[in-house]
Amino acid sequence: MPPLLRGSYRRVVLALARRVVLGAGPRWSAGGSSCARDSPLGAEELRGELDRFGGVSVRLGRLDALDRLDPVAFQRALQAAVQKWRSEGRVAVWLHIPILQSRFIAPAASLGFCFHHAESDSSMLSLWLGDGPSRLPGYATHQVGVAGAVFDENTRKILVVQDRNKLKNMWKFPGGLSEPGEDIGDTAVREVFEETGIKSEFRSLLSIRQQHTHPGAFGKSDMYIVCRLKPYSFTINFCQRECLKCEWMNLSDLVKTKNTTPITSRIARLLLYGYKEGFDKIDLTMEELPAVYTGLFYKLYHKKLPDNYKTMTGMD
Ligand SMILES: NC(=O)C1=CN([C@@H]2O[C@H](COP(=O)(O)OP(=O)(O)OC[C@H]3O[C@@H](n4cnc5c(N)ncnc54)[C@H](O)[C@@H]3O)[C@@H](O)[C@H]2O)C=CC1
Ligand SMILES: [Mg+2]
């Protein structure tokens, strides 16, 4: 067997021969066949799945014999495929590239593809083919940070920390960044425990702060949510790496102190108001509801709806 027909190259040639015979299935979109004769990867090799908006998704990790493919041949095949997709009226192309195949990013970029997003093990490039400016949605715009305002109603004390890594050592609520797929209340409880050793449970959501071009969010926007938590352990064992100090402080002292951030001060006043007038005045409580379209569940946060408004009985 000639050396060129060994291993993965042979598999590509055989795959191409099969595709010429079989053609593309109805759910798949194929590129033109002209490149198949003069490059190891034919345009029809770059087959993608159609999405409901009329775009094509190609996952390079699913294609055969990519290991041997050189970027020049890839670029030629991609160009032919894009031409074909354009003529078929496809609105966009999504190119999913595993990190070890990153040598194909530059050839795609030279054809107009841009990064849409990257995960730890892959990147997603996109190309808008439709009329006018791109209507493709962007990727993540915000990071979500959650703090726990852990208030002990019996002692009227609130749990506060000073951050070790800040230039100014001001009192604030313990908290941190939410992990992917983590509920807001779970983030608050987890971060409070990791930073202070205090165990607590979620009661309500108190406030949301939105800040753009946040330095800690790699220039993206920051959503900082403060939750009201109820403690069920009281002995502090704080994280020395993140916190300089941690203590149970009288809520009235936190309300008065100048050595705090504006948001902490505002929430302290809100908590004092809730403590005196009833937490229903300040709480956005949470309820889990079914999602109509996906069959999943979501958490909805709002002021408590009186029972008669929930059922709408006796409302006339
Ligand atoms: N107004 C307020 O009272 C404050 C609000 N926030 C909000 O809290 C959220 C973030 O909370 P944090 O406690 O900062 O996060 P966090 O508790 O999730 O993580 C902080 C720790 O992550 C590590 N870390 C973070 N960036 C790092 C880097 N570039 N290199 C190496 N290590 C790094 C450090 O160990 C740091 O102590 C954001 O939403 C922010 O806006 C944070 C501080 C004060
Ligand atoms: Mg933190």
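Indexing begins at 1, ligand by ligand and atom by atom, following the structure's order.
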Subject >> Carboxylate-amine/guanidinium contact D283 K304, below 4.0 Å >> reply: no
Original post:
Is G175 close to ligand 1, meaning an N/O of one under 3.5 Å from an N/O of the other?
Top reply: yes
Original post:
Does the protein place any heavy atom closer than 4.0 Å to atom 6 (N) of ligand 1?
Top reply: yes
**OP:** Tell me which one of C239, G176, A217 gets a heavy atom nearest to atom 16 (P) of ligand 1.
**Re:** G176
Original post:
Got an N/O contact under 3.5 Å between K166 and ligand 1?
Top reply: no
Original post:
For atom 23 (C) of ligand 1, is the nearest protein heavy atom closer than 4.0 Å?
Top reply: no
Original post:
Under 4.0 Å between a Lys/Arg side-chain N and an Asp/Glu carboxylate O for R103 and D70?
Top reply: no
**OP:** Just need the protein heavy atom nearest to atom 10 (C) of ligand 1, so name the residue and atom and give the distance.
**Re:** L177 CD2, 3.8 Å
Subject >> Atoms in ligand 1 with a heavy atom of H214 nearer than 4.0 Å >> reply: 41 (O)
Original post:
Can you find a protein heavy atom closer to atom 37 (O) of ligand 1 than 4.0 Å?
Top reply: yes
**OP:** Using a strict 4.0 Å cut-off to heavy atoms of T264, name the atoms of ligand 1 that fall inside it.
**Re:** 3 (O)
**OP:** Using the Mg ion (ligand 2) as the apex, give the angle to atoms OE2 (E242) and OE2 (E195), rounded to 10 degrees.
**Re:** 90°
Subject >> Heavy-atom protein neighbour under 4.0 angstrom from atom 44 (C) of ligand 1 >> reply: yes
**OP:** Using a 4.5 Å cut-off on heavy atoms from C-beta on, say whether the side chain of L271 contacts that of R228.
**Re:** yes
Subject >> Per atom 39 (O) of ligand 1, closest listed option by heavy atom (D222, V160, N165) >> reply: D222
Original post:
To the nearest 0.1 Å, how far is atom 20 (C) of ligand 1 from its closest protein heavy atom, and which atom is that?
Top reply: E242 OE2, 3.4 Å
Subject >> Heavy-atom side-chain proximity of N259 to Q162 below 4.5 angstrom >> reply: yes
Subject >> ligand 1 N/O within reach of D163 N/O, cut-off under 3.5 Å >> reply: no
**OP:** Check whether any side-chain heavy atom of W94 sits under 4.5 Å from a side-chain heavy atom of V58, and report yes or no.
**Re:** no
Original post:
For atom 42 (C) of ligand 1, which candidate among E191, E179, K172 holds the nearest heavy atom?
Top reply: K172
**OP:** Check whether any side-chain heavy atom of I236 sits under 4.5 Å from a side-chain heavy atom of W248, and report yes or no.
**Re:** yes
Subject >> V144 N/O to ligand 1 N/O under 3.5 Å >> reply: no
Subject >> Numbering as shown, the atoms of ligand 1 that approach T261 to under 4.0 Å (heavy-atom distance) >> reply: 1 (N), 2 (C), 3 (O)
**OP:** Provide the number and element of each atom of ligand 1 under 4.0 Å from a heavy atom of G145.
**Re:** 9 (C), 39 (O)
Original post:
How about R156 and S252: do any of their side-chain heavy atoms sit closer than 4.5 Å?
Top reply: no
**OP:** Say whether H302 and E287, considering side chains only, have a donor N or O and an acceptor N or O under 3.5 Å apart.
**Re:** no
Original post:
Between the side chains of S57 and E49, does any donor sit under 3.5 Å from an acceptor?
Top reply: no
Original post:
So, for atom 26 (N) of ligand 1, does the protein have a heavy atom nearer than 4.0 Å?
Top reply: no
Subject >> Sub-4.0 Å atoms of ligand 1 with respect to non-hydrogen atoms of I263 >> reply: 1 (N), 2 (C), 3 (O)
Original post:
Got a protein heavy atom sitting under 4.0 Å from atom 29 (N) of ligand 1?
Top reply: no
Original post:
Side chains of T257 and T260: do they bring a donor and an acceptor to under 3.5 Å?
Top reply: no
Original post:
Does some non-hydrogen atom of R209 fall short of 4.0 Å from ligand 1?
Top reply: yes
Original post:
Hey, quick one: are V226 and Y301 part of the same hydrophobic cluster, counting side-chain heavy atoms closer than 4.5 Å, chains of contacts allowed?
Top reply: no
**OP:** Would you confirm whether R90, through its side chain, and L129, through its main-chain N or O, come within 3.5 Å as a donor-acceptor pair?
**Re:** no
Original post:
If only atom types and distance count, is the side chain of S87 paired as donor or acceptor with the main-chain N or O of K84 below 3.5 Å?
Top reply: yes
**OP:** Decide whether an N or O pair under 3.5 Å exists between E195 and ligand 1.
**Re:** yes
Original post:
With side chains defined as the heavy atoms from C-beta onward, is the minimum distance between L244 and D163 less than 4.5 Å?
Top reply: no
Subject >> Minimum side-chain heavy-atom gap I105-L125 below 4.5 Å >> reply: yes
**OP:** Could you tell me whether the Mg ion (ligand 2) has an N, O or S atom of G175 under 2.8 Å away?
**Re:** yes
**OP:** Just need the protein heavy atom nearest to atom 35 (O) of ligand 1, so name the residue and atom and give the distance.
**Re:** R241 NH1, 4.1 Å
